[in-house]
Amino acid sequence: MSTPDETPASYRYTSELAGDIERRWQDRWDAEGTFEAPNPTGDLAADDPEAGALGDKYFIMDMFPYPSGAGLHVGHPLGYIATDVVGRYRRMQGDNVLHALGYDAFGLPAEIHAVQTGEHPRTNTLANMDNMRRQLRRLGLAHDPRRSFATIDPDFVRWTQWIFIQIFESWYDEDQQRARPISELRDEYESGLRTAPDGAAWSELGPIERRILIDSRRLAYVDESPVNWCPGLGTVLANEEVTAEGRSERGNFPVFTRNLRQWKMRITAYSDRLIDDLERVDWPDSVKNMQRNWIGRSHGARVRFDVPTAGRSFDVFTTRPDTLFGATYAVLAPEHELVESLVAEAWPEGTPRAWTNGVETPAEAIASYRAAAAAKTDLERQGGVDGAGREKTGVFTGSYAVNPVNGEEVPVFIADYVLTGYGTGAIMAVPGGDQRDWEFAQAYGLPIVRTVEPPEGTEGAYPGEGPAINSAHTSADGSVLDINGLAVAEAKTAVVEWLQQHGAGEGTTTYRLRDWLFSRQRYWGEPFPIVYDESDQPIAVPDHMLPVELPDVPDYSPKTYEPDDVESNPEPPLARADEWVHVTLDLGDGPRQYRRETNTMPNWAGSSWYELRYTDPHNSERLADPENERYWLGPRTEGDTGGVDLYVGGVEHAVLHLLYARFWHKVLFDLGHVSSEEPFHRLVNQGYIQAYAYVDERGVHVPADEVEERDGAFLHGDRPVTREYGKMGKSLKNVVTPDDMYSAYGADTFRVYEMSMGPLEVSRPWETRAVVGSQRFLQRVWRLLVDEDSGDLRVDDAELDAATLHVLHTTIDGVRADMQHLRFNTAIAKLIELTNHLTKAGVSSRAAVEPLVLMLAPLAPHVAEELWSRLGHDASLIREPFPVADPAHLAAASVTCVIQVLGKVRGKIEVDPSIGDDELQALALAEPNVVRSIDGRELRKVIVKAPKLVSIVV
RNA sequence: GCCGAGUUGGCGGAAUGGUAGACGCGACGGUCUCAAAAACCGUUGUCCGAAAGGGCGUGCGGGUUCGAGUCCCGCACUCGGCACCA
């Protein structure tokens with residue numbers, strides 16, 4: 001039992017006191033609308049809008065969270081705290097800061113929960129959002145609460161669907177390199193300015209043919225083509241959602257390539273702009289590289305190979321037209337559309353048995369090879385995760401094609417090492433220059449011709465640089481192509497030129513990127529604003545009928561199948577909602593029967609445009625008023641892309657969300673709906689907070705907080721356990737929540753600790769026992785200002801001594817620089833040094849502690865506000881100017897000069913900062929230990945960098 | 001295989017080409033206390049030395065420089081992305 005005289009100081013900065021302070025200030029901020037950012041126009045405009053009164057803007061965004069049922073662990077807020085520190089710092093610079101947080105609330109976990117419980121996914125999602133809001137509010141984030149939203153809000157869905165319609169109602173004009181309204185394409189067809197790809201005139205087409213022609217050009221279109229079908233999930237998936245192992249990113253089910261009729265978005269039209277505009281944004285190189293890689297632009301040539309016996313030709317794509325003389329056979333992907341027309345009636349005389357797979361006729365051999373390829377998962381087809389050493393298989397078509405540069409007849413194979421969908425789905429095979437072709441040639445006894453001189457001792461294919469060899473031919477018409485001796489680059493140019501002149505090919509560019517598969521067979525997503533009429537062609541739902549809301553259904557799951565059931569077909573849950581699917585609508589020509597699209601959008605839809613909605617979250621006329629969009633996102637200088645000033649989030653979205661959002665934003669830019677060309681101007685990837693987990697000898701995880709470290713060993717009770725490093729998660733029993741930190745230390749300590757652990761971009765392990773260091777720091781600051789026993793203010797108005805002035809102003813200078821560059825860890829270190837100096841010097845002067853409190857405010861806002869108010873200020877410090885260093889106090893009274901002899905430090909002397917070179921050299925040479933080190937040797941060179949360094953060479 | 005990032009004490013991490021290890025955790029010693037906790041003060045890369053001082057030290061091997069964690073060349077390892085992409 002404690003007695004009164006044992007009671008600890010009642011005004012110590014404990015977790016209880018911190019909690020009281022934090023809750024009090026959070027309530028006050030809410031009540032006063034402290035973080036509301038005024039808009040130029042609309043419902044969030046300032047009450048007394050003077051022209052230009054808003055000041056400079058700064059728009060900060062976090063990658064918004066998915067409201068998971070598990071709630072937050074201490075890793076989640078890292079980025080939110082960092083952006084909050086920046087926002088608070090910018091406010092103290094006088095900026096109008098837009099910072100808010102919404103919720104990315106459609107998605108699979110809620111749907112799975114709904115399937116299991118029968119509860120509508122909205123119910124559970126809203127409950128999860130409430131819990132997250134509570135956890136985040138306690139952090140004291142300076143968000144404008146009026147601008148929060150969730151992607152499932154009917155108002156938000158309305159504009160997601162509206163954007164879909166914009167994309168649906170537009171086409172990509174390759175000449176102008178931009179999207180244009182589809183009506184302008186129709187006009188061009190009608191006026192004869194443009195003809196259909198097959199040359200048919202508009203006037204000759206029937207109404208349905210016209211619609212099909214137009215529909216085929218839309219940026220959002222329905223298409224039957226190979227897609228990733230995942231029977232285990234019952235849905236199709238985008239390429240970006242399939243792992244390298246050919247499985248679904250969610251659930252890890254096998255994925256099969258199937259021809260299915262699905263919605264796609266023509267993101268490939270933007271390939272060049274998506275690559276080129278990366279130069280114009282301030283993003284980490286790693287993310288830029290991942291996007292470049294993913295889009296996969298490669299320059300090369302398209303070469304036409306004629307097949308005289310079939311009266312057909314096919315194009316191949318190659319990045320190495322210089323090796324064309326070494327093309328000794330050609331390969332088509334098994335799915336290539338020309339395969340059937342190239343298959344010979346019978347095997348030519350003398351066909352090697354290996355080429356036929358022992359089958360009687362080419363048709364049968366091809367059919368069985370194609371069937372076998374179709375039944376394989378992508379992984380099986382690739383023969384393993386590692387590309388090396390995959391066994392090459394294929395079968396001869398029975399036909400020969402003509403190599404255009406030398407007239408040689410080369411056999412045409414199909415083989416599954418050639419992929420449909422990349423390039424032209426057909427290759428010229430150059431075994432001398434490509435390892436895969438080499439392996440195939442070895443297996444099938446095909447000739448190998450080297451066309452680049454390999455280094456001595458080369459075995460196998462040589463894909464490198466070198467002079468061209470074996471590469472000359474004189475055609476029947478007497479024209480000569482001779483590239484022997486040329487280096488690769490020149491040889492490429494020469495061959496492409498020759499191909500162009502002879503109508504046999506041309507230089508071209510291909511991309512790895514495929515169009516974005518946009519439909520999902522799920523319930524919990526945005527319905528498509530699309531209906532079909534009796535001709536089965538899609539029609540956009542008119543704007544005034546938006547949003548198209550999800551119907552209530554008894555069963556939220558799509559039909560799922562055995563994970564490896566290749567023959568299964570997608571069946572979305574909405575297809576079973578008969579009354580919703582079949583509707584009577586008046587689309588301008590009287591009430592008619594229509595059928596609704598029953599797929600839903602992928603959960604990337606909402607995050608593809610949410611940056612826009614923050615700027616004008618309640619606008620019911622537009623997705624954002626142009627004036628508001630221009631103010632917050634518009635370009636600020638000539639050539640600037642515009643976009644969010646700072647976007648912080650995990651690197652896991654490098655090629656998913658960030659690519660999709662850029663694509664949508666560019667479409668909206670082309671169509672004139674936004675003034676910015678890129679959504680996010682500056683991107684920072686925060687690291688992950690990781691954690692140790694412990695496994696006992698049975699391989700079972702034990703609670704991490706019960707493990708003790710003794711003599712380098714880890715023990716759970718008396719049982720030894722082994723340590724693993726990785727994620728924080730329930731199953732690993734190593735979760736630490738923000739709530740744990742709030743109650744043990746308070747939100748400010750938690751914030752300071754997370755920011756002090758290391759650079760924002762770096763992943764690091766969580767260590768709860770180190771948090772106390774940040775608490776001690778805040779306690780020392782508190783103690784500088786407040787008497788722990790009486791609670792009285794200890795601050796006086798004494799003048800600062802020179803040493804304190806110097807420390808104070810170098811700290812201000814350094815902290816400002818660190819804040820500018822998001823180096824919060826070193827900013828905190830400097831604030832700790834200042835605090836320790838003041839503590840040691842016994843200084844509690846207002847002239848020192850006021851700047852300290854202001855500098856602390858972005859990092860530990862609650863305790864800073866509390867101290868600021870105790871210092872006698874009535875108003876919040878949120879817009880108080882951040883301290884500015886006085887250059888007069890940046891120079892120290894004395895400087896430590898380092899004296900090196902032969903590059904080694906041999907002495908240190910304290911000198912006046914304004915000391916001259918000659919005087920300093922004399923002092924240095926007189927220093928006893930320096931004299932001893934020189935040991936009478938002759939001075940060959942003395943480098944003096946006054947006042948910090950003298951370097952002596954003997 | 002290709003592309004990118006990284007490798008510094010027991011741990012997290014600091015260092016415009018100029019004192020390597022700021023700041024914090026931990027550990028050790030001390031003050032206060034009957035005692036403990038908290039708080040506060042001090043020590044803490046390593047080896048030799050009583051000390052003064054000296055040797056070694058930023059993944060490895062070279063180089064540039066009066067001087068290299070930092071710049072250049074080569075290599076190893078770790079992490080991330082892509083990958084039968086022609």
Side-chain angles (χ1 to χ4, degrees), chain A residues 8-9 12 14 244 284-294 296 298 300 316-320 323 327 331 381-392 415-419 421-430 433-437 439-440 463 510-512 651-652 654-655 685 709 712 752-753 756-759 761-774 776-777 779-780 783 788 823 825-833 836 839-840 896-908 928-929 932-933 940-943 945 948-954:
Chain A
R12 172 169 292 173
T14 58
D285 286 338
S286 58
V287 176
K288 289 187 183 184
N289 262 308
M290 279 188 239
Q291 292 216 347
R292 285 193 198 104
N293 234 324
W294 187 259
S298 55
V316 304
F317 173 74
T318 178
T319 55
R320 292 295 300 274
T323 63
V331 186
R381 192 162 156 170
Q382 287 164 16
V385 178
D386 187 348
R390 294 171 202 176
E391 204 169 311
K392 299 289 178 288
D416 63 4
Y417 81 93
V418 173
L419 308 173
Y422 181 78
T424 61
I427 62 157
M428 61 180 219
V430 184
D434 184 287
Q435 190 57 32
R436 294 155 298 179
D437 298 345
E439 287 163 17
F440 191 87
T510 62
Y511 306 86
R512 209 191 70 105
V651 72
E652 71 272 18
V655 290
N685 293 126
E709 183 177 359
V752 169
Y753 176 63
S756 69
M757 290 164 81
E761 297 84 352
V762 173
S763 293
R764 70 225 56 184
W766 177 261
E767 197 177 2
T768 297
R769 68 176 179 178
V771 179
V772 70
S774 299
R776 288 177 188 151
F777 163 51
Q779 282 176 337
R780 282 199 296 277
R783 210 156 36 228
E788 289 192 331
R823 296 186 301 236
N825 54 329
T826 50
I828 291 167
K830 291 179 175 82
L831 292 174
I832 293 173
E833 284 180 275
N836 291 349
T839 300
K840 246 176 230 176
T896 306
C897 176
V898 174
I899 307 158
Q900 297 180 343
V901 178
L902 288 173
K904 289 196 185 294
V905 179
R906 296 299 176 190
K908 296 173 194 174
N929 202 47
R932 201 180 320 144
S933 299
R940 286 177 41 205
K941 197 171 177 184
V942 179
I943 294 148
K945 297 257 171 93
K948 298 207 62 164
L949 181 91
V950 178
S951 186
I952 299 162
V953 190
V954 292

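So you know, we letter chains A, B, ... as the sequences are listed, proteins then strands, and number each from 1.
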First of A/Val898 and A/Ala829 reached from the 5' end of RNA chain B, by closest nucleotide: A/Val898
Judged by nearest nucleotide, the residue sitting upstream toward the 5' end of RNA chain B, A/Val953 or A/Glu833, is A/Glu833
Counting only side-chain N and O atoms of [X], is one of them less than 4.0 Å from OP1 or OP2 of [N]?
X        : N      : answer
A/Asn289 : B/rG80 : no
A/Asn825 : B/rA14 : yes
A/Lys945 : B/rG18 : no
A/Lys904 : B/rA68 : no
A/Ser298 : B/rA86 : yes
A/Asn685 : B/rG80 : no
A/Arg906 : B/rU19 : no
A/Arg776 : B/rC25 : yes

Please check this pair: side chain of [X] against backbone of [Y], looking for a donor-acceptor N/O pair closer than 3.5 Å.
X        : Y        : answer
A/Arg512 : A/Trp294 : yes
A/Asn825 : A/Ser756 : no
A/Asn929 : A/Arg906 : yes
A/Gln291 : A/Ala654 : yes
A/Arg764 : A/Val762 : yes

Between A/Met290 and A/Val651, does the side-chain contact (heavy atoms from CB on, under 4.5 Å) criterion hold? Intermediate values first, please. CA-CA 10 Å; A/Met290 279 188 239; A/Val651 72; 3.8 Å; yes
Check this for me: does the side-chain of A/Lys830 come within 3.5 Å of the base of B/rC23 through a donor and an acceptor? no
Establish whether the base of B/rG1 is bridged to the side chain of A/Gln435 by a donor-acceptor pair shorter than 3.5 Å. no
Of A/Thr323, A/Asp437, A/Asp434, A/Val331, which is the lone residue that meets side-chain contact (heavy atoms from CB on, under 4.5 Å) with A/Met428? A/Thr323
Grab the [atom1]-[atom2] distance between [X] and [N] for me, whole Å please.
X        : N      : atom1 : atom2 : result
A/Phe777 : B/rA38 : CZ    : C1'   : 20 Å
A/Tyr753 : B/rG26 : OH    : P     : 11 Å
A/Glu439 : B/rG1  : CD    : C1'   : 12 Å
A/Met290 : B/rG81 : CE    : C1'   : 5 Å
A/Asp285 : B/rC79 : CG    : P     : 22 Å
A/Leu419 : B/rA83 : CG    : C1'   : 10 Å
A/Ile828 : B/rC25 : CD1   : C1'   : 14 Å
A/Ile952 : B/rG18 : CD1   : P     : 19 Å

Is B/rG26 in the syn or the anti form, by the rule that syn lies within 90° of 0? anti
Considering every strand and a 4.0 Å limit on heavy-atom distances, what is the contact class for A/Val762: base, sugar-phosphate, or nothing? sugar-phosphate
Which part of the nucleic acid, if any, lies within reach of A/Thr510 when heavy atoms closer than 4.0 Å are counted: base, sugar-phosphate only, or nothing? nothing
Base-pairing mate for [N] - Watson-Crick or G-U, with both contacts under 3.5 Å:
N      : value
B/rA15 : none
B/rA20 : none
B/rU43 : B/rA27
B/rU7  : B/rA76
B/rC82 : B/rG1
B/rG57 : none
B/rU70 : none
B/rA35 : none

Choosing from [options], which nucleotide comes nearest the side chain of [X]?
X        : options                : result
A/Arg436 : B/rA86, B/rC40, B/rG54 : B/rA86
A/Arg764 : B/rA86, B/rG80, B/rG13 : B/rG13
A/Tyr417 : B/rA86, B/rU19, B/rC84 : B/rC84
A/Arg12  : B/rC25, B/rA38, B/rC40 : B/rA38
A/Asp434 : B/rC84, B/rA39, B/rA86 : B/rA86
A/Tyr422 : B/rC84, B/rG81, B/rC85 : B/rC85
A/Trp294 : B/rA22, B/rG24, B/rC82 : B/rC82
A/Arg932 : B/rC23, B/rG53, B/rC11 : B/rG53
A/Lys840 : B/rG42, B/rG24, B/rC82 : B/rG42
A/Arg512 : B/rC82, B/rG53, B/rU19 : B/rC82

Considering only the [atom1] atoms, how many Å lie between [N] and [M], rounded to the nearest integer?
N      : M      : atom1 : result
B/rA37 : B/rA50 : C1'   : 38 Å
B/rC85 : B/rA20 : C1'   : 47 Å
B/rC79 : B/rU70 : C1'   : 22 Å
B/rG17 : B/rA68 : P     : 15 Å
B/rA52 : B/rA14 : C1'   : 30 Å
B/rC72 : B/rU64 : C1'   : 7 Å
B/rG59 : B/rU8  : C1'   : 10 Å
B/rU16 : B/rC71 : C1'   : 14 Å

Hey, can you tell me if A/Tyr417 and A/Phe440 have their rings parallel, tilted or perpendicular (30° and 60° cut-offs)? tilted
In short, A/Pro284 meets A/Asn685 closest at the heavy-atom pair CG-OD1, 3.5 Å
Start with the C-alpha distance between A/Tyr753 and A/Thr768, add both sets of side-chain angles, then the distance that settles side chain to side chain donor-acceptor pair (under 3.5 Å), and finish with yes or no. CA-CA 10 Å; A/Tyr753 176 63; A/Thr768 297; over 6 Å; no
